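Comments concern the structure below.
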Amino acid sequence: KTFEAIGYDAVVIRHPKDEYFKELENINIPILNAGDGAGNHPTQCLLDLLTMYDEFKDFKGLNVVIAGDIQHSRVAASNKQALEKLGANVFFAGPEEWQREGYPTMDFDEACKWADVVMMLRIQRERGASLANMSDEEYLEKYGLNDRRYQMMKENAIIMHPAPVNRGVEIADHLVEAKKSRIFEQMSNGVLVRKAVIKRALDMNHLGGDMLVIKNGNVLVEDTLKKVDILIDEGKIVKIAENIEGDHETIECFRSYSSFL
C-alpha cells in the first residue's frame with residue numbers, strides 16, 4: 001500500500017513465503033511475482049517455455065526431466081504445472097530426501113536416455129537443503145549431469161538450468177557450454193520475457209481511452225474499482241455505466257483480470 005500511495009506504477013517482489021501474494025489482493029497496482037518460497041516462479045517458467053518452444057516448436061508429447069533439489073525448487077513447481085497443461089511429459093530425478101509428493105520420479109540414468117529436455121537444478125542451501133557427508137564431486141557422480149550421462153542423451157536433446165549454476169556440482173563445469181546446452185539462451189530469453197511482463201503490467205496500469213481492466217468482477221474506472229455494466233456492440237465497448245437497461249445478452253465476470261482493446 002505504501003508503494004501504491006507514493007505513486008509507483010508496479011512492484012516486483014521476491015519473498016521467502018509461499019503464495020505471499022494472496023495477502024496483497026487489495027493492492028490496485030500490478031504485482032510481479034519474482035518468486036515465492038518453493039511455490040512459484042512465473043517469469044522463469046515463461047522463459048523456460050520460450051526456450052523449449054524455440055527448440056521444439058511444440059510441447060505436446062515433449063519429454064522433460066527436472067533433476068536435483070526438487071523439494072525446495074519453485075522452478076520445478078511452476079514448470080510442472082505449465083508443462084503438464086501444455087501436454088508435455090514431466091518427470092523428476094534426484095536424492096530421495098528432496099522428492100516431493102505428487103512429483104513422479106525416474107532413475108536419472110534412464111531419464112537422460114528418455115528426455116528431450118534435461119533441466120538441472122542447483123542445491124537450495126539457503127532453504128536448508130543439504131546432504132550429510134557428501135562432497136560436490138560425489139553429488140555430481142551420483143545425481144548430477146556428468147560426461148557419462150551426457151553421452152546417454154538423445155542427439156537432439158537439450159540441457160537447461162535456471163541459474164545460478166554450481167559448476168562441478170549439479171552439472172560438470174564444461175557441460176555448461178556444451179553443444180546441447182541452452183543455458184545462455186535461457187538467460188537471453190529471460191531479458192525478453194521480463195521486459196514483456198513489465199510492459200504488459202505498465203500498459204494495464206496506465207489506462208488509455210481504449211483499454212478496460214476487469215478485476216474480480218469489478219471494473220477499474222478513474223483509478224477506482226467499481227461494479228458496473230459494460231455494453232459491447234460488434235466487438236466494441238460502446239457504454240460503461242452502473243446500470244445499463246435494455247434487453248442485452250449478459251455474461252457474468254468473476255475473478256478475472258483482463259484487458260480489452
Side-chain angles (χ1 to χ4, degrees), residues 35 38-95 98-100 102-125 127 129 139-140 142-190 193:
N40 304 274
H41 200 343
T43 58
Q44 180 68 49
C45 178
L46 287 171
L47 74 89
D48 289 342
L49 294 177
L50 176 58
T51 304
M52 293 181 211
Y53 186 81
D54 284 344
E55 191 75 26
F56 299 104
K57 307 304 179 189
D58 198 359
F59 298 102
K60 192 171 183 179
L62 193 69
N63 294 334
V64 180
V65 62
I66 302 176
D69 181 4
I70 306 303
Q71 180 183 3
H72 302 95
S73 175
R74 52 182 167 242
V75 176
S78 283
N79 274 300
K80 177 181 186 295
Q81 183 181 26
L83 285 166
E84 288 180 345
K85 283 187 176 182
L86 291 167
N89 306 307
V90 187
F91 279 82
F92 300 85
W98 298 337
Q99 289 181 9
R100 201 162 172 173
Y103 286 58
T105 60
M106 179 183 288
D107 174 79
F108 193 33
D109 283 3
E110 293 305 311
C112 287
K113 301 173 187 176
W114 166 85
D116 301 303
V117 178
V118 177
M119 182 181 294
M120 304 306 301
L121 302 176
R122 68 183 178 88
I123 301 173
Q124 305 273 329
R125 291 191 170 98
R127 296 190 195 129
Y139 183 89
L140 178 61
K142 193 168 184 179
Y143 302 112
L145 185 61
N146 54 19
D147 284 315
R148 180 177 64 83
R149 294 189 177 101
Y150 182 82
Q151 295 302 322
M152 295 177 179
M153 292 174 63
K154 295 177 182 178
E155 182 180 353
N156 296 322
I158 64 172
I159 300 167
M160 296 178 63
H161 193 306
V165 179
N166 293 314
R167 292 172 180 256
V169 184
E170 68 269 13
I171 182 171
D173 188 351
H174 60 283
L175 294 183
V176 176
E177 288 89 7
K179 182 179 179 181
K180 295 181 185 297
S181 173
R182 299 296 181 271
I183 295 172
F184 295 98
E185 284 81 353
Q186 287 176 266
M187 296 177 188
S188 297
N189 285 338
V193 163

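Sequence positions, counted from 1, serve as the residue numbers for this chain. Note that the structure is predicted; figures quoted are calculated from it, not measured.
- Taking R167 as the reference, D173, E177 meet the salt bridge (Lys or Arg N to Asp or Glu O under 4.0 Å) condition, with sequence neighbours excluded.
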Is there a side chain to side chain contact (heavy atoms under 4.5 Å, CB included) between Y150 and V118 once you walk through the steps? CA-CA 10 Å; Y150 182 82; V118 177; over 6 Å; no

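- Among pairs with a residue in residues 39-62, those fulfilling salt bridge (Lys or Arg N to Asp or Glu O under 4.0 Å) read E55-R182, at least two apart in sequence or across chains.
- Here the CD1-CD1 distance, from I183 to I158, works out to 10.0 Å after rounding to the nearest 0.5 Å.
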Y103/V90 under side chain to side chain contact (heavy atoms under 4.5 Å, CB included): CA gap, chis, key distance, verdict: CA-CA 9 Å; Y103 286 58; V90 187; over 6 Å; no

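- Here the closest heavy-atom approach between residue K180 and residue N156 is recorded as NZ-N, 4.3 Å.
- Between Y139 and W98, the angle of the ring planes lies from 30° to 60°, which puts this pair in the tilted group.
- Within 6.0 Å of CZ on F184 lie more than 12 heavy atoms contributed by other residues, nucleotides or ligands.
- Of all heavy-atom pairs spanning P162 and M120, the tightest one is CD-O, 3.2 Å.
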Please lay out, stage by stage, how N79 and I66 fare under the test side chain to side chain contact (heavy atoms under 4.5 Å, CB included). CA-CA 9 Å; N79 274 300; I66 302 176; 4.0 Å; yes

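- Between M106 and V65, the closest side-chain pair of non-hydrogen atoms is not below 4.5 Å.
- Distance check: S73 OG to Q44 CD gives 9.0 Å after rounding to the nearest 0.5 Å.
- Minimum heavy-atom separation, N40 to R74: O-CD, 3.3 Å.
- Ionic pairing of R122 and D69 is not present here: no N-O contact between side-chain nitrogen and carboxylate oxygen is shorter than 4.0 angstrom.
- The side-chain heavy atoms of D147 and L175, taken from C-beta on, include a pair separated by under 4.5 Å.
- Between K80 and P104, the shortest heavy-atom distance links the atoms CE-CD, 4.3 Å.
- How far NE2 of H161 is from CG of L121: 7.0 Å, rounded to the nearest 0.5 Å.
- With contacts defined as side-chain heavy-atom distances shorter than 4.5 Å, the pair Y143/R149 does not qualify.
- Listed here is the closest heavy atom pair of C45 and S78: SG-O, 3.6 Å.
- Expressed to the nearest 0.5 Å, how far NZ of K113 lies from NZ of K154 amounts to 13.0 Å.
- Rounding to the nearest 0.5 Å gives a distance of 12.0 Å between CZ of F59 and CG of D116.
- For the pair T105 and F91, the tightest heavy-atom approach, listed with the atom from each and the gap, is O-CD2, 3.7 Å.
- Here the CD-CD1 distance, from E170 to I123, works out to 7.0 Å after rounding to the nearest 0.5 Å.
- By the ring pair (Phe, Tyr, Trp, His ring centres under 6.0 Å) test, F108 pairs with no residue at all, sequence neighbours left out.
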